[in-house]
Every structure is written in structure tokens, then in C-alpha cells.
Chemist: 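My questions all concern the structure below.
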Amino acid sequence: MRDTAPEPALSTQLLEWYDHHARDLPWRVAPADRQAGMVPDPYRVWLSEVMLQQTTVAAVRDYFHRFTSRWPTVQALAAAEDADVMGEWAGLGYYARARNLLKCARAVSADHGGVFPLDHDALLSLPGIGPYTAAAISAIAFDAPEVVMDGNVERVMARMFDIHTPLPDAKPELKARAAELTPQDRPGDYAQAVMDLGATICSPKSPACGICPWRDPCRARAAGTAPELPKKQPKKAKPVRRGVAYLAQRADGALLLERRPDSGLLGGMLGWPGSPWAESPAADCPPFPADWQVLPGEVRHTFTHFHLILTLKTAPLPDGPAPEGLLIVKRHDFRPSDLPTVMRKAYDLWRGGAE
DNA sequence: AAGCCGTGGTG
DNA sequence: TCACCAAGGCT
């Protein structure tokens, strides 16, 4: 079957390019080392792939180092406290990934003896591991000939075969094309090679077709359509929402925070108590009665599907127990780096004004 | 099964 | 400034 593949040489051309141009990434085994018999650690492959979901290599690097330094194995991660993992993930975004990361580590630890399963369907059933990540782990960690489909591969395939069908309708055809090119030999390196190609040369805006290892066979390059592919459905405009956040500090420096519910926006993360975020003017619903002072300035932040303008109010926090559902965090237990970015911006604006 | 879910870099 | 974009998964 592989012998009748229409373009048997293409994967080889790409692998030759990868052998010389593979990026040096902390979770990666270099092609020369891999061919010398070195094997990637599935834990590191899994952790990196989850972090890389919808996230750039540049943003992931430091997080990956901190996580692997603090939790070197999946068992160590499985034994971690929820709040510690959410705190380490703070700033990276898509916080459901962190919650599922812990669930997955605990499932691997409890149900699979601390070893990531080789079986593709077993991987797919784990929390936070979908079609892409299951294929990526199988290919990269186990060198299995899985078809790895992500945004890079979709773009590269759309250009290689000059496919103008808009996403997501084009997905089945793009996957079929990708499957035709996936080799039996070195599928793990091949998967990383296509993604490296998409991230460095076959980039979204201005692809560097002149130095592309696939410039000759690429149909979009020949047609001059590469920069406009893949076509995508237009996206909705983002509405503006407004809200109020309340920053209260006790004389000894302790702060009033909340642990957000596990589901929904910023689920499971620390944050300042506040009003709901709505398109109508922000309601005023302070966590306790006080003479709340409006802070000069405002916090602006853009989420996936709306812009947020946040007004900050401050008041002294009285002694005594925390209001219902809220959390008093002592000065020395509070780390701004535990906060998701919008909450960090609020803290920075407040502290900046205090100095 | 479309909508929800973060963030930082880029042009 | 602002829309677009990234090694997607869940519901």
C-alpha cells in the first residue's frame, strides 16, 4: 500500500531538511540522537504538546522548564496540589488545559501504572488528549505512523495541493492529503518536521517559499496563491464587556481573593472578587460594605470572544473571617504570578498607583 | 456541533 | 490600534 503512494519522495525530502534545520527544543530529541537510538520521554512529550495547544513555542519554553523542574515525572505531577499546578500555569491561558493536565496525570498514575499507554484509543480517552495530541504522542514518543493534524499541517497541505475550500469544510480533504504523505519510516521526526516547516517557513502571512524544501512540488507556490491559503470562514466581531473588580487589603497586607469555579472563564484560577462582566454598564456589587474608592485608570484585556474593560475599586479589609465564598491570602502567601493575566493587570495597576 | 475557552506576537 | 494567528479540546 505504501509502495503505491503517489508522492513517496516528498517525506524523504522533508526529513532531509529536518535533519539540518530541526529547531532545538527542550522536549525534543534531536534527529541525529533519535537515529542513534535515543527515545523521547513520553511525559515530556505529552506535557509539551498540551502546553503547545493553540500556544506558541516562545510562550511555552519557560513554563515547560518550570513544570519539569518542579514535577520531573508524571507521578510527581499526579501528587501535586491543585492550587500549585494552577499557579504554575497562570499566564499561559486556556486553563481547562491545566485542570485536565492534573486529571490526566492522576489517571495515568492510577490506571496505567504511571506509564503513558501505547494504544491510540487509550490515549484519546484521557482528559485533555484529543485527536491531535493523541496522534502527536503516538508519533513523537512512540514513533508510530499516525497522521498528525494541527493548524500548521492544515496550512501546509492546503498550499501543497492548492486547496481553496474554506476551513473547517476542508478538514477531511486536508487530512486525506496529509495521510498520503505520512511515511512509515521516521514518522515521529516527519510529524515534527511538518510542524517546524509550518511554524518557520510555511508561515501564515508571508511564507518563505524561496527556501522551502517543498517549493518545487508545492502547487500554491506555482499558482502564486500560497499567502492566501488556507481560506477560512470570517470570524465574528468581539463585543465589549465591562465590570468592576474589588481589591481589598488588610493593615497587615493580607488580600481578599476568590477561587473561581472550575467551569467557565478562568476556571479554577485565583481572582479578585467582582461584578459580572456584561455589555451593559457594570453593576456595583462589592464583596463587603465599605467606602470603596475608584482607582484612576482601567484594565483593558481581550479574551477569545470579547474585550473587557475593568474598573478597579479599593477599600481597607477589616479584621475577621473572609466574606462567604472568598479567601483571605496573607501577604507572604500571595504571589502575583499565581494570577491569570487579567487579574495580574488589575494588581499591577493598583500597585503601580500605590508606589 | 457550533460556541466557549487566554495570551502574546505580529503586520 | 487592531485583527489575525498559534503544536486544540470540551460540551
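Below, chains carry the letters A, B, ... as their sequence lines are ordered, and counting in each starts from 1.
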Chemist: Which of the following nucleotides, C:dG8, B:dC5, C:dC5, is nearest to the side chain of A:Lys235?
Modeler: C:dC5
Chemist: Counting just side-chain N and O atoms, does A:Thr55 come under 4.0 Å of either OP1 or OP2 of B:dG6?
Modeler: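 Answer is no, no contact under 4.0 Å.
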Chemist: Identify each atom pair where a protein N or O and an N or O of nucleotides 8-11 of chain B are less than 3.5 Å apart, giving names and distance.
Modeler:
none

Chemist: Run A:Thr55 and A:Arg97 through side chain to side chain donor-acceptor pair (under 3.5 Å) and show every step you take.
Modeler: CA-CA 12 Å; A:Thr55 310; A:Arg97 294 185 295 174; 3.1 Å; yes
Chemist: Can you measure from CG (A:Asp150) to CD (A:Gln54) and round to the nearest 0.5 angstrom?
Modeler: 9.0 Å
Chemist: With a cut-off of 6.0 Å (strictly less than), are more than 12 heavy atoms of other residues, nucleotides or ligands near NZ of A:Lys238?
Modeler: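 Enclosed: over 12 neighbouring heavy atoms sit under 6.0 Å from NZ of A:Lys238.
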Chemist: In this structure, how many angstroms lie between the C1' atom of B:dG6 and the CH2 atom of A:Trp277, rounded?
Modeler: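 For the pair A:Trp277 CH2 and B:dG6 C1', the rounded distance is 11 Å.
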Chemist: Could you give the CE-to-C1' distance, from A:Met86 to B:dC5, as a whole number of Å?
Modeler: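 So the CE-C1' distance, A:Met86 to B:dC5, works out to 12 Å.
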Chemist: Please measure how far the P atom in C:dT11 lies from the corresponding atom in B:dG6, and state the result in whole Å.
Modeler: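 Here C:dT11 and B:dG6 have their P atoms 14 Å from each other.
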Chemist: Would you mind reading off the distance between A:Ile137 atom CD1 and C:dG9 atom C1', rounded to a whole angstrom?
Modeler: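 Atom CD1 in A:Ile137 sits about 13 Å away from atom C1' in C:dG9.
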Chemist: Go nucleotide by nucleotide along DNA chain C from the 5' end; which of A:Val57 and A:Leu124 gets its closest nucleotide reached first?
Modeler: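 Closest to the 5' end, via its nearest nucleotide, is A:Val57.
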Chemist: Between A:Asp33 and A:Gln35, do the side chains contain a donor N or O and an acceptor N or O under 3.5 Å apart?
Modeler: no
Chemist: Using a 4.0 Å heavy-atom cut-off, does A:Arg28 contact any base of the nucleic acid, only the sugar-phosphate backbone, or nothing at all?
Modeler: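 Base, at least one base atom sits under 4.0 Å.
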Chemist: With the side chain of A:Lys232 defined as its heavy atoms from C-beta on, choose the nearest nucleotide among C:dC5, B:dG6, C:dG8.
Modeler: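 Comparing C:dC5, B:dG6, C:dG8 against the side chain of A:Lys232, the answer is C:dC5.
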Chemist: Side-chain donor-acceptor pair under 3.5 Å between A:Gln53 and A:Tyr132, yes or no?
Modeler: no
Chemist: Using whole Å, what does the distance between atom P of nucleotide C:dC4 and atom CG of A:Leu167 come to?
Modeler: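 So the two atoms are 15 Å apart, to the nearest Å.
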Chemist: Whole-Å distance between B:dT7 C1' and A:Leu339 CG?
Modeler: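 The answer, rounded to whole Å, is 15 Å.
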Chemist: Any base atoms under 4.0 Å from A:Lys238, or only sugar-phosphate, or nothing? Heavy atoms, all strands.
Modeler: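 Nothing, no nucleic acid heavy atom in range.
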Chemist: Under 4.0 angstrom, heavy atoms only, what part of the nucleic acid is A:Asp196 near: base, sugar-phosphate, or nothing?
Modeler: base
Chemist: Give A:Leu25 one of three labels, base, sugar-phosphate or nothing, depending on what nucleic acid heavy atoms sit under 4.0 Å from its own.
Modeler: base
Chemist: Could you check whether atom CZ of A:Arg331 has more than 12 heavy atoms from other residues, nucleotides or ligands sitting under 6.0 Å from it?
Modeler: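 Count not over threshold, so no.
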Chemist: Under 4.0 Å between a side-chain N/O of A:Gln53 and OP1 or OP2 of C:dG8, yes or no?
Modeler: no
Chemist: What is the nucleic acid contact for A:Leu92, judged by heavy atoms within less than 4.0 Å: base, sugar-phosphate only, or nothing?
Modeler: base
Chemist: Considering just the side-chain nitrogens and oxygens of A:Arg155, establish if one lies under 4.0 Å of OP1 or OP2 belonging to C:dA6.
Modeler: yes
Chemist: Of the candidate nucleotides B:dG3, B:dG6, C:dA3, which contains the atom at the shortest distance from the side chain of A:Leu265?
Modeler: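 Given the options B:dG3, B:dG6, C:dA3, the side chain of A:Leu265 is closest to B:dG6.
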Chemist: Are A:Leu310 and A:Tyr246 in one and the same hydrophobic cluster, where Ile, Leu, Val, Met, Phe, Trp and Tyr link if side-chain heavy atoms are under 4.5 Å apart?
Modeler: no
Chemist: Nearest whole angstrom, please: distance from the P of C:dC10 to the CG of A:Asp262.
Modeler: 15 Å
Chemist: With a cut-off of less than 4.0 Å, is there a side-chain N or O of A:Tyr95 near OP1 or OP2 of B:dT7?
Modeler: yes
Chemist: Students often mix this up, so state it plainly: with edges at 30° and 60°, are the rings of A:Trp350 and A:Tyr347 parallel, tilted or perpendicular?
Modeler: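 A:Trp350 and A:Tyr347: perpendicular rings.
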Chemist: So for A:Tyr94 and B:dG6, does any side-chain atom that can act as donor or acceptor lie under 3.5 Å from a complementary atom in the base?
Modeler: yes
Chemist: What is the distance, to the nearest angstrom, from the CH2 atom on A:Trp89 to the C1' atom on B:dT7?
Modeler: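 Taking CH2 of A:Trp89 and C1' of B:dT7, I get 12 Å after rounding.
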Chemist: Side-chain N or O of A:His305 versus OP1/OP2 of B:dC5: is the shortest distance under 4.0 Å?
Modeler: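 So the side-chain polar atoms of A:His305 do come within 4.0 Å of the phosphate oxygens OP1 or OP2 of B:dC5, strictly under.
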Chemist: How many Å lie between CZ on A:Phe306 and C1' on B:dC4, as a whole number?
Modeler: 11 Å
Chemist: Looking only at non-hydrogen atoms, find the nearest pair between A:Leu317 and A:Leu255 and report the distance.
Modeler: CD2-C, 4.4 Å
